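Report on one structure; see the data block that follows.
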Amino acid sequence: MAVMSREVKDLFEKVPTAVFSTSSLEGQPNAAPVGMKKVVDDETVYVSDQFFRKTLANVRANAKVSLVFWGDEGAYQLHGTARYVNEGDEFAEQKKWADGAFAAMGVPIQAKGGCFVHVDAVYTSKAGEHAGERLA
C-alpha cells in the first residue's frame, strides 16, 4: 500500500493525459494515453475506459499496471493493481462523471468501463539525481 502525497494527486488531476501501461501474461507491453482519469482517494486512482482493447485484455490477464504523468511541477510513476468495472453502482457513479465531462466538452463519447487502480508504489520520474526513487 502506498499513500500519494498532495503534490502527486494534484499533478495527476492537473495534467491532461497520463500514460497507462499494462502487460500481457507473456510480457507483451502496452501503453495507452488516458485523459479521463481522477483521484479517488489517497491510495486509488480511476481511469475511464472508452477505447481499451489491448489494455482491457491485459488488465484481465495481469492486473499489475503503471501510470506515468508529468508537468512543470514534477513527474511521477504509479505502480498499482487494477480492478476493472463495467457494471453496478460503483461503475454507475464513475460513468456519470465521465459521460458528463465528455458532454461538457461536446464530445459524443461514453464510458464503457474503467479501472480502479490501487496504488502499490509511487516513484519520482523527474530528471536528476533522484530520478526513479521510490517516494511511497
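A quick note: this is a predicted structure, and the numbers were derived from the prediction, not measured.
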Are W70 and Y76 close enough, and set up right, to give a side-chain contact (heavy atoms from CB on, under 4.5 Å), and what steps lead you there?
CA-CA 6 Å; W70 58 94; Y76 301 99; over 6 Å; no
Given 3.5 Å as the limit, does a donor-acceptor pair link the side chain of K95 with the main chain of A111, or not?
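Yes; judged by distance alone, with no hydrogens or angles, the pair exists.
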Could you check whether any side-chain N or O of E13 sits under 3.5 Å from a backbone N or O of V39, counting only pairs where one atom can act as donor and the other as acceptor?
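Yes: the side chain of E13 pairs with the backbone of V39.
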Apply side-chain contact (heavy atoms from CB on, under 4.5 Å) to residues Q50 and M36 and explain how you reach the verdict.
CA-CA 9 Å; Q50 287 71 239; M36 196 57 61; 4.0 Å; yes
Flag yes if [X] and [Y] sit in one hydrophobic cluster, no otherwise; membership is Ile, Leu, Val, Met, Phe, Trp, Tyr, and two members link when side-chain heavy atoms are under 4.5 Å apart.
X    : Y   : answer
V19  : V59 : no
F102 : V34 : no
Y46  : F51 : yes
V68  : F12 : no
V85  : W97 : yes

Test log, rule side-chain contact (heavy atoms from CB on, under 4.5 Å), inputs V45 and L67:
CA-CA 10 Å; V45 297; L67 287 142; 3.7 Å; yes
Is the ring pair Y123/H79 parallel, tilted or perpendicular, if the boundaries are 30 and 60 degrees?
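Geometry flag for H79 against Y123: tilted rings.
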Measure the CG-CG distance between L25 and N62 for me, rounded to the nearest 0.5 Å.
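With rounding to 0.5 Å, CG (L25) is 5.5 Å from CG (N62).
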To the closest 0.5 Å, what do you measure between CZ (F116) and OG1 (T81)?
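Output value for this atom pair is 14.5 Å.
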Give a yes-or-no answer on whether the side chains of S24 and N58 include a donor-acceptor pair shorter than 3.5 Å.
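S24 vs N58: no donor-acceptor pair found between side chains.
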Compare every heavy atom of A32 with every heavy atom of T55, then report the nearest pair and how far apart it is.
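In this case the closest contact between T55 and A32 is OG1-CB, 3.7 Å.
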Residues forming a salt bridge (Lys or Arg N to Asp or Glu O under 4.0 Å) with E73, sequence neighbours excluded:
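Result, salt bridge (Lys or Arg N to Asp or Glu O under 4.0 Å) vs E73: K14.
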